[in-house]
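Letters A, B, ... mirror the listed sequences (proteins, then strands); counts begin at 1.
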Number of protein chains: 2
Amino acid sequence: MTSAGNANAPAFRPLYLQMKETLTQRLAAGEWLPGALLPSETALAREYGVSQGTIRKALDAMAAERLVVRHQGRGTEVARHTTERSLFQFWHLYGSDGRRQLPTSRVLECRRGRARSAEAETLNLERGAPVVRIFRLRYLGNRPTLLEWITVSAERFPGLERFGQQLPNAVYELYQREYRVTVQRASEELRAVAADADDARHLGIEKGAPLLEIRRTAIDLENQPVEMRVSRCDTAHHHYLNELV
Amino acid sequence: MTSAGNANAPAFRPLYLQMKETLTQRLAAGEWLPGALLPSETALAREYGVSQGTIRKALDAMAAERLVVRHQGRGTEVARHTTERSLFQFWHLYGSDGRRQLPTSRVLECRRGRARSAEAETLNLERGAPVVRIFRLRYLGNRPTLLEWITVSAERFPGLERFGQQLPNAVYELYQREYRVTVQRASEELRAVAADADDARHLGIEKGAPLLEIRRTAIDLENQPVEMRVSRCDTAHHHYLNELV
DNA sequence: GAGTGGTCTAGACCACAAT
DNA sequence: TTGTGGTCTAGACCACTCC
């Protein structure tokens, strides 16, 4: 399929959306690795027999979804999970002064297990399927602020448990580098809960104190869930910021 | 300023961004009322002496910010505050089944007062300036779920207090219809707090129970704060959903 | 200097809404 | 049928990066 001028697919959709889909598939298939440059607009236009403007609309749409990053004069790059991206897309906790702080982490547990029903449902696994669980205590400015439980499929992330204390702060960079898994987006459910005895001990607060519980499901390039994450945050000195635009 | 070909402004910015700015100013000034149709792309292009494509990029950018809504075959319409918009942009509470429910409301208080320091700071007012405060209890499916305190400037919203029990559920529609104030975006700070005695009484829960507190600042078309809103939600049967894209 | 994406233009045709 | 925005094309020039 080189010419898309009159596609053979059952396509009533605009050409640029078809091109976006095609390019996204090639990207998700790993043809271009994170950080690499895609072929130029003119090269892609030649390859598919469409105009440069059509490729441009497709790439602009992909850039809007953070699949690629466009650089004038340099080219179009496959999006990487940098610390900045983690910060801007996935980190919403701010200090009382309104400044964003990145956490440091202490891994309390990191081992294999079998998927419980909630994990299986969230991650699209069979119940009892092998998983890796990470349990971390995270500090903001030396203050223990956040307890975090992460669950991923052990088939998708073989040997993840071996990282143990060496797990980096930003695990999405690790997912991408070691496992070719790119977290594209996520959804978070927020609730207020009461600290149980363990929460209280780890966070140095009273049992029953209010905590902000965040349940995140992270989604990869193929729109499949890849990580389930539950966080419990002490919001005495921090808050979760959400911009409604 | 009819020809923008070689602008006299200290402008190194792209033409389409200058056009977007100009059109946004005309819109914010009230030249086109909510629901009205803007002049067509060709008419605007003629008026400013630029190509239709440039106007198109400006309007597309405005549509991305929800300032206007584009309809093929009909024209470009100034965005209105409909119930759908309130729902999709400003309402983030979902039931445990994942369904979005709109609240019903009971106004507990609606009267004038003088800005306290937090209100004055948030709303860019002098401390002690006249304000209107609304205090509502909101129900989701017959269950009292949410206490809400709203503060706005009494100068900007003269006579708002007279609505009392007749306040509609979606006050942003009222702001736009009665006061020509369009809420374009907002930011929300979320924290977990413990219910005080009043919270507990109104929501039918235990004192000290965890509540999700949402502090919202609403921003108008001119990027000025127009409303401060604090909500305390019982998240036993609901949660706040945030999509990280 | 060569190559890239960003902007701007101009024109053709299509899909859709209103009449 | 008329006019609107949506798509697609083609070409020119600009700003920027890299060699």
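- Taking five base pairs at each end of the helix from C/dG1-D/dC18 to C/dA18-D/dT1, the local helix axes there meet at an angle of 10°, rounded to 10°.
- A tilted orientation is assigned to the rings of B/Tyr175 and B/Phe157, their planes being inclined by 30° to 60°.
- Checking the phosphate oxygens (OP1, OP2) of C/dT7, no side-chain nitrogen or oxygen of B/Thr54 falls inside 4.0 Å.
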Let me see the working for B/Asp60 and B/Lys20 under salt bridge (charged side-chain N to carboxylate O under 4.0 Å, His left out), right down to the final yes or no. CA-CA 9 Å; B/Asp60 283 346; B/Lys20 179 192 164 203; over 6 Å; no
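- Contact between the side-chain N/O atoms of B/Arg70 and the OP1/OP2 oxygens of D/dG6 is found at a separation under 4.0 Å.
- Comparing D/dC18, D/dC8, C/dC8 by their closest approach to the side chain of A/Arg74 singles out D/dC18.
- For B/Thr76, a side-chain nitrogen or oxygen approaches OP1 or OP2 of D/dG5 to under 4.0 Å.
- With D/dT7, C/dT7, D/dG5 as the choices, the nucleotide that has an atom nearest any side-chain atom of B/Ser40 turns out to be D/dG5.
- For the OP1/OP2 pair of D/dT7 and a distance below 4.0 Å, the side-chain nitrogens and oxygens of A/Lys57 include at least one atom meeting the criterion.
- Minimum atom distance to the side chain of A/Asp60 is reached by C/dG6, of the listed C/dT7, D/dT7, C/dG6.
- For A/Arg56, the listed nucleotide lying nearest its side chain is C/dG6; candidates were C/dG6, D/dG5, C/dC8.
- Ring-plane geometry between B/Tyr179 and B/Phe163 is classed as perpendicular, the angle between the planes exceeding 60 degrees on a 0 to 90 degree scale with a lower cut at 30.
- Using a 4.0 Å cut-off, no side-chain N or O of A/Tyr16 falls inside it from OP1 or OP2 of D/dC8.
- Closest contact between the side chain of B/Gln72 and the listed nucleotides C/dA17, D/dT9, C/dA15 involves C/dA15.
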